[in-house]
Amino acid sequence: MPSMRIRPTATAALLVALLAGVLAAATASPAAAATPCWKRVINQWLNNQPINTHYKPQCYQQALKHVPEDLRDYSDITDAISIALQAALRGGNGTAGGGTQPSGGSSSGKSGQSADGKPRRLQNVPDRSYYRRAIDNLGTTSADSLPIPLLVLAGLGTALLLSAAGLAARKRLKARPRPPAG
């Protein structure tokens with residue numbers, strides 16, 4: 001049976017590949033540590049973990065600034081981050097009263113309001129978008145009000161019916177026999 005010899009170029013290529021793998025593994029951990037703290041807060045919530053890690057209050061405030069609009073509108077991430085921020089400011093463990101984070105929405109009622117009934121404002125939290133403010137001003141944020149898409153569809157349907165009636169009336173007027181001139 002002939003003996004198999006490994007060529008020196010194959011050996012060198014194998015060593016280079018092995019060295020590249022070791023280098024890649026060694027440089028992966030500092031990249032994870034370079035993640036901004038606000039992103040770690042949001043990622044912690046996205047991974048269904050309660051936000052109870054001790055971060056500085058500035059991290060929570062930055063996280064509130066960077067929350068995507070869809071998460072802000074359709075989830076309780078801002079509530080969870082606000083609870084963690086309040087606990088951090090009090091020196092607590094990041095959960096409300098030592099309990100767990102709310103997971104399905106806020107059931108605390110008016111906890112987001114001050115004693116005079118106005119909403120509380122945290123420092124450095126961005127204003128809501130123009131779209132969100134317009135919806136809130138319309139007063140359609142409660143479950144017993146008419147939803148905005150339904151109102152838009154009703155208006156569009158009414159406009160279409162009026163334009164169809166106008167076209168039909170114009171067609172009839174054009175089709176009417178005109179009296180003879182003279």
**OP:** Please tell me if the side chains of Thr78 and Trp45 come closer than 4.5 Å, counting only heavy atoms from C-beta onward.
**Re:**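 No, side chains not in contact.
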Nearest 0.5 Å, please: how far is [atom2] in [Y] from [atom1] in [X]?
X      : Y      : atom1 : atom2 : value
His66  : Arg72  : NE2   : CZ    : 11.0 Å
Ile51  : Ile77  : CD1   : CD1   : 6.0 Å
Gln61  : Ser82  : CD    : OG    : 10.0 Å
Leu162 : Thr158 : CG    : OG1   : 6.5 Å
Leu89  : Lys56  : CG    : NZ    : 13.5 Å
Ile42  : Cys37  : CD1   : SG    : 10.0 Å

Original post:
With a 3.5 Å cut-off and no angle check, do the side chains of Gln62 and Tyr55 form a donor-acceptor pair?
Top reply: no
Nearest heavy-atom pair of [X] and [Y]: which atoms, and what distance?
X     : Y      : value
Glu69 : Ser129 : OE2-OG, 3.4 Å
Ile81 : Val41  : CG1-CG1, 4.0 Å
Tyr60 : Ala84  : CE2-CB, 3.5 Å

